[in-house]
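Remarks on the structure that follows.
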Amino acid sequence: MCAKIRLGILIRATSPALWGGPHKEITLGLGLGLCRHPRTGDYLVCIKGQYLKGLLRGWCERLEHLLRSHGILSALNLTNKVFGGIHNPSAVPSPIIVADAYPVKGEEQAMKLFQDGEFSYLWNVEPPEVPLSIVSRIRIDDTSGKVAEEALFHEVRVTPDTLLYFELVVKGVEENELVDLARLLLISLSQFNYSYIGKSGSTGGVKVIGIEPSILLGDEIVKLVAEGVKK
Amino acid sequence: MIEFTVYSVSLRFLTPALIAVKQGSRGMLYEGFSDKIPGSTIRGSLMSWALREGLVTDAEIAREVSNPAHSLTPFLLSARSNGLLYNDVGIAHALSFKFKDGLGDERVYSFGVRDLVRELQSNSWDSVATLQTLIARTNVRIDENGNDLRTSTNTERILGTAITKDHGSPRNEWKLSRSSVKPGSYIGISIDRERGSVTPGAFFIYEYIESGSVFVGTITCKESSLICKLLEEIKRNPAKILVGKGTSRGYGVAEIWVKEREINTQETRASGKRECLAFEVIGPLLTLNASYEKGIPLPRPVGPGDELVMRLGTSILSIKVHAIFGGVSEFGGWSLRRESPKLRFNALSYGSIIVGEVEGDLRLLSLMPYKGLDELSSQGYNILLPLVDDFLPRFGEEGD
């Protein structure tokens, strides 16, 4: 019997933050990634789903063995099952879908978007204007200890307290692995609070806005992490 | 006579979509479709959605695919969100052209399919002479037009491109769909897990369909078929399906909505008489012919001299092909069921025109654009649109 997990996640930038993407101001990683809103056609600041998936996968890979050794997980090879093998040689799509993160006004708007249904936020979201800042950076020449010649870079970044919302869905989960998967995903997501979540020192915090099926909150560890993951 | 249902299906992409056509050097560059999605891709997406939702099993899908009771047209980019295939959205055929960009005229014109059949018959089926005559006549009409930049040397071929009828224009003009929605491309890398930085040489460029793009097509199926049941389920509960590559990374999320479509099968002309008609290739056209040496049916493009047959119950319609205009392209794909590439083969391209003598039950002509000729239409191949009247205007006919 196959089940599904759906999570709604709110990210708050806690530093000027930068994520790459396919649009507009990209110049070899120095630009801010933008997505095209499917309804309005406007370009908005976003975090690409592939970036979030990679970030999440990295933490799942690091934590899975540790959590199993402490009895928090019992299922085997969850990360590979959910994210697929590296470069996915079988070319079968992995069961997880991580969609792009779009700016939102606040937690209330994010909760409403989660209640609208799976991935409905991609169409329904009314994104706010996102304040941007320009950060100038240099590179140090290791030999002289001074600024390297011509190494002055300007980056466009979102300002701290910018909020972005995204959803991830995992379908085709075995019923007996559902709770373990929820634990692994939520604990891995919680690590975003303690590490870089974007380029060049971008930090942020995450909050779980919604979780389906809600019956998962009956598990003590899932409830503890879901309610405790906030910054 | 009708024992199946025709559904008009629309897709709206909520995220960019990667539908690869060609993979370049060492898997680094992916050229993608930008204005059409093959029917087989949509079928695969529907089946995958149903499997993930627990509505079907692998065995049921295998049964449906091996004995198909369904046909799918390609899905075409539409410049309007509520377009219907053939009424509002179509494919530019082999005799169509437009003026180059920037000349103030975005309309799609034709060299004249109406004259094509007549000229072919009077030229003893000489395709080259016929084409020369039609083009020369149209070019004279264009160059007599006046002193603006719309001259015969400023036209371009648009065979196989998706076009949309602009109902807001004074003469319901057809225009390229992609003039409203542009494709994009993005650059990606792969992370080396051990070093935590970019994997050497892992640099990819993908062409993608932009989010917000709408594609329309039709799916025709028997009521008892699995596909029909899935479409009825989507009618009741609108769904989101995943189309193309990179779906786990958030690409290809599409809303799908479905409604039944009425097809007029009334045919006033008597059956049985031979007549010459032109047909536009909507689903790439191929035939399976045994090779002389080993008797193994191999796919090849339809050519002059071939006889195409459409059967529905006891009704039969045959087309004896005399002339072909257009081109040949390579087609293939990936089978999710077998986790392996599909056989690559050549077929007549989207928008090509075939002209042939038609004999049999002419009522089948109105079903051909939806049902297709044979079971290959279950993968989006062998679908023809009879061009009894050219749906595109000739330059000069309406006071251009």
Side-chain angles (χ1 to χ4, degrees), chain A residues 1-4 20-24 26 28-29 33 35-42 46-55 57-58 61-62 82-84 86-101 117-124 166-173, chain B residues 12-16 18 27 44-45 48-49 51-54 57 81 180-182 184-194 196 198-199 202 205-208 210-214 237-242 244-255 334-341:
Chain A
M1 182 71 179
C2 286
K4 172 177 101 171
H23 271 297
K24 298 277 178 178
I26 283 292
L28 295 175
C35 297
R36 185 175 183 265
H37 194 297
R39 178 163 47 89
T40 65
D42 298 331
C46 72
I47 310 175
K48 290 299 295 175
Q50 67 203 67
Y51 192 89
L52 292 166
K53 183 190 171 193
L55 212 53
R57 186 198 184 119
E61 280 177 348
R62 285 181 213 118
V82 166
F83 290 89
I86 295 289
H87 300 305
N88 208 352
S90 74
V92 174
S94 34
I96 192 168
I97 304 155
V98 184
D100 301 338
E118 188 177 302
F119 298 132
S120 297
Y121 77 99
L122 294 167
W123 183 260
N124 294 346
F166 76 100
E167 289 180 14
L168 70 88
V169 172
V170 186
K171 296 193 180 184
V173 183
Chain B
R12 177 166 51 208
F13 284 99
L14 302 179
T15 59
L18 309 175
S45 298
S48 298
W49 165 78
L51 203 57
R52 275 196 310 273
E53 294 295 321
T57 61
S81 59
S180 307
V181 186
K182 310 260 183 246
S185 61
Y186 93 91
I187 296 170
I189 50 93
S190 170
I191 295 291
D192 181 328
R193 297 273 170 228
E194 288 178 11
V198 179
T199 304
I205 304 175
Y206 288 95
E207 276 192 329
Y208 62 78
E210 190 62 276
S211 57
S213 302
V214 175
N237 300 303
K240 293 182 180 68
I241 64 173
L242 305 174
K245 295 169 72 73
T247 52
S248 68
R249 289 172 274 150
Y251 288 97
V253 179
E255 274 182 321
W334 182 269
S335 171
L336 278 176
R337 282 191 313 124
R338 297 194 191 93
E339 295 181 23
S340 61

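Just so it is clear: chains get the letters A, B, ... in the order the sequence lines come, proteins before strands, and each one is counted from 1. FYI, side chains are in, hydrogens and waters are out, and symmetry mates aren't considered; it's all heavy atoms of this structure.
Contact count against chain B (heavy-atom pairs under 4.5 Å) is highest for A:E118 among A:K4, A:E118, A:E167.
Taken to the nearest 0.5 Å, the NZ atom of A:K53 stands 2.5 Å off from the OG atom of B:S248. One finds the OG1 atom of B:T15 at 12.5 Å from the CH2 atom of A:W123 (value rounded to the nearest 0.5 Å). The line from CD of B:E210 to CZ of A:R36 is 5.0 Å long, rounded to the nearest 0.5 Å.
With sequence neighbours excluded, the residues forming a salt bridge (charged side-chain N to carboxylate O under 4.0 Å, His left out) with B:R12 are B:E255, listed by chain and number. Here B:E53 pairs with A:K171 under the salt bridge (charged side-chain N to carboxylate O under 4.0 Å, His left out) rule; sequence neighbours left out.
Of the two parts of B:L51, neither the backbone nor the side chain holds a non-hydrogen atom closer than 4.5 Å to a non-hydrogen atom of chain A. For A:T40, no part lies near chain B; criterion is any non-hydrogen pair under 4.5 Å.
With contacts defined as side-chain heavy-atom distances shorter than 4.5 Å, the pair B:T247/A:I97 does not qualify. Two residues are said to be in side-chain contact when any heavy atoms from C-beta on lie closer than 4.5 Å; B:Y251 and A:K48 meet this criterion.
Nearest heavy atom pair, residue A:D100 against residue B:P16, reads OD2-CD, 4.4 Å.
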Pair A:S120-B:K240, side-chain contact (heavy atoms from CB on, under 4.5 Å): steps then yes or no:
CA-CA 9 Å; A:S120 297; B:K240 293 182 180 68; 3.4 Å; yes

